[in-house]
Student: 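Before we start, here is the structure in question, set down as C-alpha cells.
Worth saying up front: this structure is predicted, and the values here are computed from it rather than measured.
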Amino acid sequence: MNKKRILVVDNEQYIQEVAKICLETVAGWEVLTASSGKEGIVQAENHQPDAILLDVMMPDMDGIAAFANLQANPNTKEIPVILLTAKIQAADRRRYAQLGMKSAIAKPFNPLELADQVASALGWNLEN
C-alpha cells in the first residue's frame with residue numbers, strides 16, 4: 001500500500017511541527033510543510049500530495065485565496081483540501097463546503113485526533 005502524502009500549509013511553525021509529528025506517528029503518512037499560501041501552491045504542484053491541510057488566516061495569501069489558486073490549476077485541482085481554521089461556525093462550514101473543500105478542522109486541534117479527523121473527512125482507512 002502506498003503511503004499517503006499530506007501537505008500542511010500554515011504560517012505558524014509550531015502548528016506545522018505538531019501536525020507533522022502527529023500525522024507521521026499516528027497514521028504513518030509522509031508530511032510536507034509550507035509556511036505560506038504561495039509556497040503551498042508550489043509544493044502541491046511539485047509533490048502532488050494526497051491531501052492538503054490549509055490554514056485560513058495567513059499573511060499575503062490567505063487559505064481561501066490559496067484554495068482558489070489550487071482549484072484554478074489543472075495539476076492541483078483534484079487534490080482534496082481540508083481547512084485548518086479558528087473560524088468554524090456552521091455558516092463558515094457551509095461556505096467552505098460550497099467552495100469545494102472537503103472539511104474544516106477547528107484550531108486548536110487535538111493532535112492525537114488529527115489523523116482520524118483527516119482520514120474520516122476523506123474516507124480513508126487508517127489501518128496501514
Student: Could you go through the side chain to side chain contact (heavy atoms under 4.5 Å, CB included) check for Ile41 and Thr76 one step at a time?
Tutor: CA-CA 8 Å; Ile41 291 164; Thr76 57; 5.8 Å; no
Student: At their closest point, which heavy atom of Met58 faces which heavy atom of Gly37, and how far apart are they?
Tutor: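 Looks like CE-N, 3.8 Å.
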Student: Could you go through residues 47-54 and list every donor-acceptor pair under 3.5 Å that involves a side-chain atom there, pairing it with any protein atom two or more places apart or in another chain?
Tutor:
unit_1: His47; atom_1: NE2; unit_2: Gln43; atom_2: OE1; d: 3.1
unit_1: Gln48; atom_1: NE2; unit_2: Ala44; atom_2: O; d: 3.3
unit_1: Gln48; atom_1: NE2; unit_2: Glu45; atom_2: O; d: 3.3
unit_1: Gln48; atom_1: NE2; unit_2: Asn75; atom_2: O; d: 2.9
unit_1: Asp50; atom_1: OD2; unit_2: Arg5; atom_2: N; d: 2.7

Student: Hydrophobic clusters here meaning ILVMFWY residues chained together by side-chain heavy-atom distances under 4.5 Å, can you tell me if Ile15 and Leu112 are in one?
Tutor: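 No, because Ile15 and Leu112 fall into different hydrophobic clusters, even though each may have its own neighbours under 4.5 Å.
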Student: Does Trp124 share a hydrophobic cluster with Leu32, counting links as ILVMFWY side-chain heavy atoms below 4.5 Å and allowing steps through other members?
Tutor: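 No.
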Student: Please report the shortest heavy-atom distance between Val9 and Leu7, naming the atom on each side.
Tutor: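 Residues Val9 and Leu7, closest heavy atoms: CG2-CG, 3.8 Å.
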Student: Do Leu70 and Leu99 belong to the same hydrophobic cluster, where Ile, Leu, Val, Met, Phe, Trp and Tyr are linked whenever their side-chain heavy atoms lie under 4.5 Å apart, directly or via other members?
Tutor: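 Leu70 clusters together with Leu99.
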Student: What closest approach, in Å, do Leu126 and Ala27 show between heavy atoms, and which atom pair accounts for it?
Tutor: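 Scanning both residues completely, I find the closest heavy atoms to be CD2-CB, 3.6 Å.
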Student: Name every donor-acceptor pair, under 3.5 Å, that has one atom in a side chain of residues 77-84 and the other anywhere in the protein, sequence neighbours excluded.
Tutor:
none

Student: Step by step, work out the side chain to side chain contact (heavy atoms under 4.5 Å, CB included) result for Ile105 and Val118.
Tutor: CA-CA 8 Å; Ile105 295 174; Val118 170; 4.0 Å; yes
Student: Can Leu122 and Lys4 be said to form a side chain to side chain contact (heavy atoms under 4.5 Å, CB included), step by step?
Tutor: CA-CA 12 Å; Leu122 299 173; Lys4 298 285 189 198; over 6 Å; no
Student: Could you grab the distance from atom CD1 of Ile64 to atom CZ of Arg95, nearest 0.5 Å is fine?
Tutor: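 Rounded to the nearest 0.5 Å, the CD1-CZ separation comes to 5.0 Å.
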Student: How long is the span from the CG atom in Asp62 to the CG atom in Asn11, to the nearest 0.5 Å?
Tutor: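 Output value for this atom pair is 11.0 Å.
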Student: Identify the two heavy atoms, one from Ala19 and one from Phe109, that lie closest to each other, and give their separation to 0.1 Å.
Tutor: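 That closest heavy-atom pairing would be CB-CZ, 4.2 Å.
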Student: If the condition is salt bridge (charged side-chain N to carboxylate O under 4.0 Å, His left out), which residues does Lys20 pass it with, not counting sequence neighbours?
Tutor: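 By the salt bridge (charged side-chain N to carboxylate O under 4.0 Å, His left out) rule, Lys20 matches Glu24.
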Student: Looking at residues at least two apart in the chain, or sitting in another chain, which of them share a side-chain hydrogen bond (donor to acceptor under 3.5 Å, both in side chains) with Thr33?
Tutor: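 Testing Thr33 for side-chain hydrogen bond (donor to acceptor under 3.5 Å, both in side chains), a comparison that skips the adjacent residues, returns Gln16.
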Student: Can you name the side chain to side chain contact (heavy atoms under 4.5 Å, CB included) partners of Ala106, sequence neighbours left out?
Tutor: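 Scan of Ala106 (side chain to side chain contact (heavy atoms under 4.5 Å, CB included), adjacent residues dropped) gives Ile88.
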Student: Under the salt bridge (charged side-chain N to carboxylate O under 4.0 Å, His left out) rule, what pairs show up with a residue in residues 99-125, not counting sequence neighbours?
Tutor: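 Every pair satisfying salt bridge (charged side-chain N to carboxylate O under 4.0 Å, His left out) with a residue in residues 99-125: Asp10-Lys107, Glu12-Lys107, Asp55-Lys107.
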Student: More than 12 foreign heavy atoms under 6.0 Å from CE of Met61: is that the case here?
Tutor: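 More than 12 within 6.0 Å, yes.
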Student: Locate the shortest heavy-atom distance separating Ala115 from Val26; write the atom from each residue and the value.
Tutor: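 Taking Ala115 first and Val26 second, the nearest heavy atoms are CB-CG1, 3.8 Å.
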Student: Assigning hydrophobic clusters by single linkage (Ile, Leu, Val, Met, Phe, Trp, Tyr; side-chain heavy-atom cutoff under 4.5 Å), is Tyr14 placed with Ile21?
Tutor: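 Not linked; separate clusters.
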Student: State whether the side chain of Asn73 and the backbone N or O of Asn69 hold a donor-acceptor pair below 3.5 Å, judged by distance alone.
Tutor: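 No, the answer is negative, given that no donor and acceptor are paired below the 3.5 Å cut-off.
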